[in-house]
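Below is one structure, written out as structure tokens, with a few remarks after it.
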Amino acid sequence: MIPWLYKWLPIVFGCHCRPDRSFYWKGKKFPICARCTGELAGIFAGIFIYAFHPIPLYACFLLMIPLVVDGFLQRLTAYESKNWKRLATGLLFGVGLYSFFACTTVMAFYFGGSLVR
């Protein structure tokens, strides 16, 4: 893996980088945990998905809910999800997050400052 990824990806994502919550490839740990890996993949997937099929604003929020629920369940109970579930919820969150960003940016350019006045 590229060394600067191990420095900057955890900072950008605010990742805890726990070894038990990370994927490994050929014995080497990924620079970010499974959930953040899913978010990163979801952001990249969201770029292509939004280019061909824009997601409505309400659907962006719906895509983000599974990660929030899974995270809070782990925080507040003894439940602990597996890395594949973390990857899946991170992927959905990443697609929703990018689509939310793209949707609101398009709305800002379309409406401009007319909604603020």
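Between R21 and N83, the closest heavy-atom pair is CA-OD1, 3.4 Å. Listed here is the closest heavy atom pair of Q74 and S81: OE1-N, 3.0 Å. What you find for F30 and Y24 is that their closest heavy atoms are CE1-C, 4.2 Å. Residue V95 comes nearest to A45 through the heavy atom pair CG2-CB, 4.2 Å, listed as atom of the first residue, atom of the second, then distance. Looking at every heavy atom in both residues, C17 comes nearest to K29 through O-NZ, 3.5 Å. Across all their heavy atoms, C60 and G96 have their closest contact at CB-O, 3.6 Å.
Under the rule for a side chain to side chain donor-acceptor pair (under 3.5 Å), the partners of Y79 that lie at least two apart in sequence or sit in another chain are D70, K85.
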side-chain contact (heavy atoms from CB on, under 4.5 Å) evaluation trace for T37 with L87 | CA-CA 7 Å; T37 300; L87 179 72; 4.2 Å; yes
Test side-chain contact (heavy atoms from CB on, under 4.5 Å) applied to L57 and T104, step by step = CA-CA 8 Å; L57 198 56; T104 55; 4.2 Å; yes
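For R35 (side chain) and T89 (main-chain N/O), no donor-acceptor pair under 3.5 Å exists by modelled atom type.
The shortest distance between side-chain heavy atoms of W8 and P31 does not fall below 4.5 Å.
Taking the six-membered ring for Trp and thresholds of 30 and 60 degrees, Y98 and Y50 have ring planes more than 60 degrees apart, a perpendicular arrangement.
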